[in-house]
Undergrad: 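Starting off with a structure, shown below.
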Amino acid sequence: MSIYGSVINYHDDSHQIIYGMRVASRGFLHALLRYGEFDEYHFFLNDQKLHEFCDTYQTFLDTLDHPVKMKAFRIRELPGCLSRLEYDVFHASDPYIANLCYLRRCYSNILFPVTGVTHSLSMEPAMDNFQNIMVSPHLPCDSIICTSQSGKKAMEHIFSQVMLRANAGDTKGGNFSYWGRLDVIPLGVEPQDFLTIDKKSARDALNLPINRRLIVCPGRISVLTKMDLYPVLLALKEIITQEEFKDTALLIAGSTHADNTYLHAIVSQARNMGISDHLFFNFNFSSEQKYQIYAAADIVLSAADNVQETFGIVPVEAMMAQRPVVLSYWSGYRDLVEDGVSGYLIPTYWAECDNSISPIAFYQTSEALFSISQSVAVDVGVMIDRLKRLLASQELRHSMGEHARSRALSLFSWSHVIRQYRELWRELKLHAETIPWNRSSVSHGFLGYFNVFGHYASHIISETDFVVITERGKMVAEAIEDPFVYKMHDGKLDTYLVFQLLADAQCTQQVGVLMKKTATTQDKFMVTLLWLIKNNLLAVNPH
C-alpha cells in the first residue's frame, strides 16, 4: 500500500489578505487528491485546525469522481505513525525539511524521501532555517522542489552563502553542506476554472464600462512584498495622452486592508496626476469575482519588482483565462511566457547596492524589503510600448491570449504538475531503497525539555517510587465527582488509562509495577501519572 504523508499549516478562507502561497498550497492539495495515485493520504495538523480541515476537505472529496482515502491526524500522532507505518514520501508545504528529516531518523523503520517546496525566499531571518537543513540528517533521496529556475538558482546561492557564513564563525569546520536535490516543478492552476465567463457579463457584474480598453493589474496591494504600482501609473498617464488610447482604463485588483497607507498614497498620486477617471479598484474580491476580473480584462499587467517573488500564480491564472500578459522580466516570471509570443517581458535593472540594506534585515525585514524593491527598476518606456502594441490591435491581443492559454495548458495545468511530482517521488523512492538505513534515537535535532530543564523539579518520578489513590481520586473513580480537564487538554488525555491507574492504585503501588500493567508507551504512562498527581487524584508515597 502506498501512503503519502504531510505536515500542513491549514489556513481557511477567512483571511482578508490573500497570499499566493496559500492559494498555491490549497490548489496543490486539491490537485494532489484529484490526480494523485497514492492509496492513502495522511495529513498531520494542529488540534485547533483538525476538525475544520476534515470538514472542508470531505466536502471537496465528495465532488471527485473517484474514491480517495484521506486521513487527518493530530500532530502529536506523527512519531507513532512513522514508527508503525511505511510511507512512500513525506512532503512539506515549505522548503524547511529539517524537522521531518530528524523525525524520520528517530522514528521510521524504513527510509522514505522527504520533499519540500519553495515559495518566498526573501526573509533574512529564515536563513537560519536553511542552516538547520544543512546540518540535519537529510539524504540524497530528499529534494527541495523549486517552482522556477530562478528559484533554484536562488536556493543554490542561499546554501552557498549559508555555508560561507557558518564556516566564518565558531562553527568553522562543521559539516555544513546540502546533500539533497534541487528539482524544478512549477505551480499550477485548474483549466476548467477559466473561460466560463464572457467579457460583457464580467464587466456588468463588476460595474465596469464595456466600451473601454481595460488593463488589469491584479495581486496583493503591497509595495513591501509585491510590487510598486507607481511606475504603472506613469505608464497609464503616458498612454492616455494619445488620442487613440484615451479610452484606456486601469483596474487595480487585489487584497488589502483599510489602513493601507501605501494604497492611500497611490490613490492620492493618481488624483494629482489627473488620471483618476481612468482608474478602477476592486479590493478583497471573492473567488467568483477573481474569474470575472480576468474575463473583464483586455490585458493583464504584473510589474513585480520584489525579491519575495519566485514564481507568479497571477500571471498563470491570466494566461489560463486566455489573456495576453505583460510581465516584468524578473525572477520566476521569466519562465512563464515566451516574449513576444504568449506575452511580453519588460526589462528590469538592478545593481549591487545592498551593503547598507541587507544587514538591517535581521531587525527590520519590511524596511529592508522596501529599500531593495525601490532599487529594482522596471523599464517604464518598454512597458508603455508593449501595452500600446496590445491596445492598438485586438487581433494581437486575441492571438497572444490564445498562445498564453496553450502554454498554460501544456506547462501549468495541475494535472501536468502533479504528474511531474508523481514521477519525481517514484524516482526518489527508488533512490531511497538503495541507501542503507537504520533508525537512531540519538540522531535527532530536538534538545528535549527534560534534558534541558529536568533539574528544575525537586524530585524526579522513577519506577521505584510508590503512589496511592487519594480521597478525591476515590470519588472520581466511583463517578461521584468528575475530573476537571481543560478544553485544550481534551483529546490529549487518555481517559481509559486515567481510570485504569486509579483502579490499580487503590492500595500503594510501585510505579514500575503500574507501568507493566498498562499497554502503553512510557511517555504516555508518565504524562498520565503526573497529571493524576497534579490534580490530587494520586499521591506520591515514597518508601
Side-chain angles (χ1 to χ4, degrees), residues 4-9 42 44 46 75-83 85-121 123-147 151-152 154-184 424-425 427-429 431-452:
Y4 168 93
S6 182
V7 178
I8 62 173
N9 293 317
H42 291 186
F44 296 83
N46 290 327
I75 194 71
R76 66 176 178 273
E77 298 179 80
L78 179 54
C81 288
L82 289 174
S83 297
L85 299 173
E86 295 188 355
Y87 286 93
D88 285 66
V89 66
F90 243 87
H91 182 66
S93 58
D94 56 44
Y96 309 124
I97 62 174
N99 286 346
L100 282 172
C101 292
Y102 283 123
L103 287 166
R104 177 182 63 185
R105 170 60 70 183
C106 292
Y107 298 104
S108 180
N109 294 311
I110 67 161
L111 178 59
F112 55 78
V114 172
T115 60
V117 62
T118 63
H119 291 285
S120 175
L121 298 171
M123 308 298 280
E124 172 61 28
M127 295 301 103
D128 288 342
N129 291 324
F130 293 110
Q131 180 171 304
N132 290 340
I133 294 172
M134 296 171 77
V135 299
S136 73
H138 67 281
L139 294 166
C141 61
D142 301 323
S143 178
I144 294 175
I145 299 166
C146 308
T147 56
K152 179 181 179 180
M155 283 298 307
E156 291 169 349
H157 290 165
I158 285 171
F159 282 130
S160 175
Q161 290 299 311
V162 169
M163 184 166 61
L164 287 174
R165 189 173 74 179
N167 290 339
D170 293 336
T171 54
K172 189 173 182 180
N175 186 24
F176 284 91
S177 296
Y178 176 64
W179 306 106
R181 292 172 42 157
L182 294 174
D183 293 282
V184 178
L424 174 63
W425 286 332
E427 182 181 342
L428 295 176
K429 185 70 168 66
H431 192 176
E433 291 170 358
T434 68
I435 300 173
W437 178 254
N438 287 296
R439 58 187 283 188
S440 171
S441 60
V442 177
S443 177
H444 62 76
F446 316 110
L447 295 175
Y449 290 106
F450 185 78
N451 291 337
V452 177

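No experiment lies behind these values; they were computed from the predicted model shown.
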Undergrad: Restricting to side chain to side chain contact (heavy atoms under 4.5 Å, CB included), what partner residues turn up for Glu77, sequence neighbours left out?
TA: Phe73, Arg74
Undergrad: What heavy-atom pair brings Ser6 and Ile8 nearest, and what distance separates the two atoms?
TA: OG-CG2, 3.2 Å
Undergrad: Nearest 0.5 Å please: distance from the CD1 atom of Ile158 over to the CE atom of Met134.
TA: 11.0 Å
Undergrad: Between Tyr4 and Trp425, how do the two ring planes meet: parallel, tilted or perpendicular, split at 30° and 60°?
TA: tilted
Undergrad: Find out whether Met155 and Leu121 are in side-chain contact, i.e. whether some heavy atom of one side chain is under 4.5 Å from a heavy atom of the other.
TA: yes
Undergrad: List the residues meeting side chain to side chain contact (heavy atoms under 4.5 Å, CB included) with Ala98, not counting sequence neighbours, and say none if there are none.
TA: Tyr102, Asn132, Ile133, Ser136
Undergrad: What residues form a salt bridge (charged side-chain N to carboxylate O under 4.0 Å, His left out) with Asp183, not counting sequence neighbours?
TA: Arg181
Undergrad: List for me each residue that meets ring pair (Phe, Tyr, Trp, His ring centres under 6.0 Å) alongside Phe112, sequence neighbours excluded, and say none if there are none.
TA: Phe90
Undergrad: Let's go through Leu111 and Leu139 carefully: what are the C-alpha distance in whole Å and the side-chain angles of both, what is the deciding distance for side-chain contact (heavy atoms from CB on, under 4.5 Å) to 0.1 Å, and is it a yes or a no?
TA: CA-CA 10 Å; Leu111 178 59; Leu139 294 166; 3.6 Å; yes
Undergrad: What distance separates Leu103 CG from Phe44 CZ, expressed to the nearest 0.5 Å?
TA: 10.0 Å
Undergrad: For Asn109, which residues count as a side chain to side chain contact (heavy atoms under 4.5 Å, CB included) partner, sequence neighbours excluded?
TA: Arg439
Undergrad: To check you understand the geometry: which heavy-atom pair defines the closest contact between Pro137 and Cys101, and what is its length?
TA: CG-O, 3.6 Å
Undergrad: Any chance you could measure Ser143, atom OG, to His138, atom NE2, to the nearest 0.5 Å?
TA: 11.0 Å
Undergrad: Rounded to the nearest 0.5 Å, what separation is found between the CG atom of Asn99 and the CG atom of Asn129?
TA: 8.5 Å
Undergrad: Taking all heavy atoms of Cys146 and all of Thr118, pick out the closest pair and write down the distance.
TA: CA-OG1, 3.4 Å
Undergrad: Going by the salt bridge (charged side-chain N to carboxylate O under 4.0 Å, His left out) test, which pairs reach into residues 129-144, not counting sequence neighbours?
TA: Arg104-Asp142
Undergrad: Could I get the full list of ring pair (Phe, Tyr, Trp, His ring centres under 6.0 Å) partners for His431, not counting sequence neighbours?
TA: none
Undergrad: Atom OG in Ser120, atom CG in Asp94: separation rounded to 0.5 Å?
TA: 11.5 Å
Undergrad: OH of Tyr178 to CD1 of Ile144: how many Å apart, nearest 0.5 Å?
TA: 4.0 Å
Undergrad: Can you find a pair of side-chain heavy atoms, one from His42 and one from Tyr87, that are under 4.5 Å apart?
TA: yes
Undergrad: Is Glu156 atom CD crowded by more than 12 heavy atoms from other residues, nucleotides or ligands, each under 6.0 Å away?
TA: yes
Undergrad: Below 4.5 Å, heavy atoms only, C-beta onward: do Arg105 and Trp437 meet side chain to side chain?
TA: yes
Undergrad: Only counting residues at least two apart or in another chain, list the ones meeting side chain to side chain contact (heavy atoms under 4.5 Å, CB included) with Gln161.
TA: Leu164
Undergrad: Glu433: what forms a salt bridge (charged side-chain N to carboxylate O under 4.0 Å, His left out) with it, not counting sequence neighbours?
TA: Lys429
